[in-house]
Amino acid sequence: MKDQLSRALAFYDEVLRLPHRAEIKRELRDENDIFYLLSFSEMLGLPNPVSYYTLELYPEMIEDFHDWHLRMGMEKSPLDGIRCC
């Protein structure tokens with residue numbers, strides 16, 4: 001009985017989430033894009049007051065940098081120090 005109830009609750013939860021899944025993914029991608037812009041803004045010529053604190057994140061972010069700059073409409077990497085294309 002508990003197993004059937006837990007499966008029914010899981011199904012109900014999935015039915016409620018289904019229409020909003022694409023919207024949630026788009027919002028998360030937009031937040032990620034803004035974070036990348038803020039993190040790499042100093043390299044793009046924009047002042048970044050927290051650049052010292054974001055240095056630790058660059059090794060983790062560099063793997064997704066190529067996808068980000070293509071999504072932003074830049075055919076090649078805008079940064080001289082980072083070659084991904």
Side-chain angles (χ1 to χ4, degrees):
M1 181 78 171
K2 284 186 178 184
D3 186 43
Q4 289 178 345
L5 182 60
S6 65
R7 282 190 288 167
L9 287 174
F11 176 74
Y12 179 72
D13 188 48
E14 190 67 28
V15 167
L16 290 177
R17 289 182 188 192
L18 189 61
H20 305 290
R21 185 169 290 167
E23 183 180 341
I24 291 170
K25 282 185 179 181
R26 189 175 18 230
E27 278 295 319
L28 289 174
R29 187 181 66 227
D30 289 347
E31 280 184 17
N32 195 21
D33 290 345
I34 291 171
F35 178 72
Y36 268 71
L37 178 63
L38 290 174
S39 298
F40 289 104
S41 64
E42 191 170 272
M43 292 181 187
L44 295 170
L46 303 170
N48 183 0
V50 294
S51 62
Y52 176 76
Y53 300 106
T54 58
L55 286 175
E56 295 176 3
L57 301 174
Y58 287 165
E60 298 291 327
M61 296 168 56
I62 206 69
E63 296 174 8
D64 299 325
F65 184 77
H66 179 70
D67 295 332
W68 175 76
H69 81 76
L70 290 177
R71 211 172 30 250
M72 294 295 110
M74 301 176 233
E75 291 183 17
K76 294 187 177 183
S77 173
L79 307 176
D80 294 332
I82 301 174
R83 286 192 224 146
C84 61
C85 302

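Not measured: the values here are computed from a predicted model.
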TODO: Supply the atom-to-atom distance H66 NE2 to L70 CG, rounded to the nearest 0.5 angstrom.
DONE: 4.0 Å
- [ ] Would you name the heavy atoms of P47 and S41 that are closest together and state the gap between them?
- [x] O-OG, 4.2 Å
TODO: Please write out which residues are connected to V15 in a hydrophobic cluster, directly or through intermediates, given that two of Ile, Leu, Val, Met, Phe, Trp, Tyr count as joined at side-chain heavy-atom separations below 4.5 angstrom.
DONE: F11
- [ ] Mind checking the CZ-CD spacing from R29 to E31? Nearest 0.5 Å is all I need.
- [x] 12.0 Å
Open item on the list: Please report the interatomic distance CZ(R21) to CD1(I24), rounded to the nearest 0.5 Å.
Closed with: 8.5 Å
TODO: State yes or no: do W68 and F35 share one hydrophobic cluster built from I, L, V, M, F, W and Y residues joined by side-chain heavy-atom distances below 4.5 Å, directly or via other members?
DONE: yes
Open item on the list: Working to the nearest 0.5 angstrom, can you tell me the gap between D33 CG and L28 CG?
Closed with: 11.0 Å
Task: Carboxylate-amine/guanidinium proximity below 4.0 Å for R17 and D13 - done: yes
- [ ] Considering only NZ, NE, NH1 and NH2 on the basic side and carboxylate oxygens on the acidic side, decide whether R7 and D3 come within less than 4.0 Å.
- [x] yes
